[in-house]
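Notes for the one structure printed next.
One-based numbering, in listed order, for ligands and for the atoms of each. None of these values were measured; they are calculated from a predicted model.
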Amino acid sequence: MTIQDEFLSTVSHEMRTPLTSIRGFSQTLLNSWDRIDDENKKKFIKIIEEQSNRLINLVENILTVSKNNISNIVMQKVDINSSIEKILPVVKEQHKTHNFIIIPDKKLPPALLDEDKFHQIMTNLIDNAGKYSPEGSKVIISTQLIGDTISIKVKDEGVGIKKEDFCKLFKKFSRLENHLTSKTQGNGLGLYITKQLVENMNGKIEVESEENHGSTFDIRFPVYNEEEAIKCSQKS
Ligand SMILES: Nc1ncnc2c1ncn2[C@@H]1O[C@H](COP(=O)(O)OP(=O)(O)O)[C@@H](O)[C@H]1O
Ligand SMILES: [Mg+2]
């Protein structure tokens, strides 16, 4: 199975569940309208609404996945600290009560990556940090040079992740059980996209977390170096 086939089969499966449910409840309502009481009618329509929303989110994420195909990565020399500054206002708009703090390594050398893709990675991580943590809590974004790699950390004070769930985190369509997943929108594609993008740009992503004690996502990218940059430009 190619990656495309695998993707199509997962997507079809994910679409079938809400569609089957929408069709089933619509048919029941149409066929037995007079025999169903108002309370149940409302319940069935609510399910149809929820399942439609699930489909809409799914389609949005699929569009993102298909736009992200590996071949259009353009590696450039990027100043990570100023790149993070650019994203922050956008994320703040979505999580108005959170307190976002940037702790930059002021002597950070440039990295070699695709800046648009880096924005998408950071947006996914910071958005999750906001979604899976209480209103008004702190999200710390820090950068640091470690040996010859650049580390970027996103730390939240949220619900955290159980050790046994670590292996599911980066899987396609996987959402974990916590009291905030049911309240927040999502379809489990964000971290899947994030990991693919990080690895396609020669980076690594790791997570440290404890249930109810927050999470830290750590991504590492190689420092910019002229020779690598030339190799990358020849490849594309
Ligand atoms: N910072 C975090 N704290 C706790 N749980 C998280 C965090 N980020 C992601 N998760 C868990 O991992 C799941 C997958 O994340 P993601 O792929 O971004 O999907 P979603 O669309 O649900 O946000 C989420 O549903 C959530 O359960
Ligand atoms: Mg997400």
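For the pairing with Ser133, the side chain to side chain donor-acceptor pair (under 3.5 Å) check across His98, Glu157, Lys155, His95 returns one residue only, His98.
Heavy-atom contacts from other residues, nucleotides or ligands closer than 6.0 Å to NZ of Lys86 number more than 12.
The Mg ion (ligand 2) has no N, O or S atom of Asn124 closer than 2.8 Å.
The pair Glu49-Lys46 meets the salt-bridge criterion, since a charged nitrogen lies less than 4.0 angstrom from a carboxylate oxygen. Taking a cutoff of 4.0 Å between a charged side-chain nitrogen and a carboxylate oxygen, Asp218 and Arg220 qualify as a salt bridge.
Applying the 4.0 Å criterion to heavy atoms of Gly160 picks out, from ligand 1, the atoms 4 (C). Counting atoms of ligand 1 from 1 in the listed order, those under 4.0 Å from a heavy atom of Ser215 are 2 (C), 3 (N), 4 (C). Here is the list of ligand 1 atoms found below 4.0 Å of a heavy atom in Asn178: 27 (O).
Note on ligand 1: Phe170 sits outside its first shell, no heavy atom being nearer than 4.0 Å.
Side-chain atoms of Asn128 and Asp156, non-hydrogen and from C-beta on, never get closer than 4.5 Å to each other.
The part of Lys131 lying near ligand 1 is the side chain, judged by heavy-atom distances below 4.0 Å. The proximity of Leu189 to ligand 1, defined as any non-hydrogen pair under 4.0 Å, is limited to the backbone.
A chain of hydrophobic side-chain contacts below 4.5 Å, direct or via other Ile, Leu, Val, Met, Phe, Trp or Tyr residues, connects Ile102 to Phe217. Cluster membership for Val90 and Ile84, using ILVMFWY side-chain heavy atoms within less than 4.5 angstrom, is not shared.
The distance criterion of under 3.5 Å between nitrogen or oxygen atoms is met by Gly190 with respect to ligand 1. Polar contact check, Tyr192 against ligand 1: no nitrogen or oxygen pair lies under 3.5 Å apart. Polar contact with ligand 1: present for Leu176 (N/O pair, distance under 3.5 Å).
For the atom pair Ile141 CD1 and Ile103 CD1, the distance stands at 9.5 Å (nearest 0.5 Å).
When Ser174, Ser209, Gly188 are checked for heavy-atom proximity to atom 14 (C) of ligand 1, Ser174 turns out nearest. Between the choices Ile161, Leu180, Leu169, Leu191, the shortest heavy-atom distance to atom 5 (N) of ligand 1 belongs to Ile161.
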